[in-house]
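These numbers come from the heavy atoms of this one structure, side chains and all, not from hydrogens, waters or symmetry mates. Here the structure is a predicted model, which means the values were calculated and not measured.
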Amino acid sequence: MTQIIRTQMLTKSYGPVESVSNVSMNVRRGEIYGFLGPNGAGKSTVMKMLLGLVRPTGGEIELFGERLLPGSNEHLKRIGHLIETPVFYERLTAEQNLELHCEYMGYPNKQAIGEALRLVQLVGTENKPVKQFSLGMRQRLAIARAICTRPELLLLDEPINGLDPEGIQLMRGVFRRLRDEWGMAILISSHLLPEVEQIADTIGVINQGRLLREVPLDSVRASTTEFIEISTSDAALAAFVLTEKLGVTNFKQTGERTLRVYGTELGQEALSKGLILNDVPIESINRRHHTLEEYFFDIIKGGNGHDASRQAGA
Amino acid sequence: MMHLVKLELKKGNLARHIRGTLIACAIIIAVMLMMYFIKDSDSSGAVFKNQLDMLGGIDTLTRATFIIYASSLLSSLIIGEYKDNTMSLLFAYPISRKQLMFAKLSIVFVWCFFSIALTNLLTDALMLTIDSHFGYAGTPVSSGDLLLHAGSVLTQAVGAAGMSLLPLVIGLRRKSVSATIISSIFIVMIVASNNFGVSLSSIVAIPLSLAAIGVLGTYLSFRNIDRADVA
């Protein structure tokens, strides 16, 4: 599968402040790429640079296998987008807005407008002026506008914002369909993992302008560590017993009363027996999975996913 | 280019601006009628020395009005799009940004030119008809003078249309509707002011050079637009 977006050392500075710093990302054809990071991490700026709305101060961008040059705009015919809040010509109807978009994009097939509106379930609102639309409807209409020219690449900046749970569900289905049936590559930014983890093939984590990790979600899922969580009123004693009596070194104290034991050969039963025999007051002991959320949160906080947990406990 | 102009007009502002232009035209006629019928309080004569003077008055008022009106067009076509962020939508289309701007500016230029020419034609015809009945303006205009006046109106209209773009230089820098409209008022104050019967615009070279400055200045203000950050 070839790459549709490739950036190398992409940088954007505003004066001395680097809002995007040396970002090298790779999005493949036909995949959904979840671009994850807290607010202000630089997600929108990267997307704007891909669209040519913001000019990079360093690095380079390759789209559809060709290097992006200043002022070039031919590639924009192949991109659909929704950046930040959806904007429209308010006095025009939904259909007129989409028609105008198709005209500017040089896309002659007007039937695609109806199809896009059907996909986002906005049929029946074609003749309504956009100024009467709710935030959720505007969001859906913006997605319809982005896809109505059947682009090869879709850039969606926080597309779930303002949607109700039903709308979110609908959009997830739409994005999957666009990838699976239309072969579209979709770059979706979000500050919430649950929004993208169900649909993304790859996740790129960005914080403070830096791309911290780019990883296929399947491999993260496969490697998310299993651990045993011990809840006790005497964590210090538990730590002592684990190290000195039971020979367990790969653990981490995650709270005042909790410890996590990673990758131990001792099972849950042996651990609880060992702790109880050494008079450690145990409130609970459970086998759990490190969640994806924790994995990415660790990366953003400067750690290294669950690997960091292992090392910290060692 | 014509396609881009058509798309601009499709954005729903056409009817609003036709209405606005007609209202401006009606106000010009009303002001001229008031000036015609309300005589000077300290003299027995009319405001206008003769019919040619009256036509000159109509032309000045019309140009002043439509240079300011053009700034509202600039505001809605360009500044407004920056303010409501639809410009970032527009600049993400596979079209040169300069072409998009030229399309918008040519609408303002052509609109301003035709508004001035047609309002002059309409108001002149109306006032001359009224004056042929009442005769307050005195010496009737000869057909030769009328032809010269028509030529002057068209030249001045080209000048005014060019000048009407100048407020964008300031408006674009500050992305401000009020700055655009206020700078158009300043331009009108300079070029349409009347000192002892001589206004700057009565010297044909001045409005034409200002028009050239207007077109050039406006171009320079967005010459780097293809490389500029939009948002």
*Donor-acceptor side-chain pairing of A:D157 and A:S189 below 3.5 angstrom*: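 The answer is yes; a qualifying pair exists.
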*asked:* Parallel, tilted or perpendicular: which one describes the rings of A:H101 and B:Y93, with boundaries at 30° and 60°?
replied: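 Plane angle between 30° and 60°, so tilted.
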*Using 30° and 60° as the class limits, which term best fits the ring planes of B:F91 and B:Y82: parallel, tilted or perpendicular?*
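It falls in the perpendicular class, over 60°.
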*For the candidates B:L4, B:L100, B:L90, which exhibits the highest count of non-hydrogen atom pairs separated by less than 4.5 Å from chain A?*
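Heavy-atom pair counts peak at B:L90.
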*For chain A, the option from B:I225, B:D226, B:T86 that forms the most heavy-atom pairs under 4.5 Å*: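 Top option by heavy-atom pairs under 4.5 Å: B:T86.
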_Heavy-atom pairs under 4.5 Å with chain B - which of A:K77, A:E103, A:M105 has more of them than the others?_
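Going by pairs under 4.5 Å, I would pick A:E103.
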*Could you tell me which portion of A:R78 (side chain, backbone, both or neither) has an atom closer than 4.5 angstrom to a non-hydrogen atom of chain B?*
neither
*asked:* Check this for me: B:K6, atom NZ, are more than 12 non-hydrogen atoms of other residues, nucleotides or ligands nearer than 6.0 Å?
replied: no
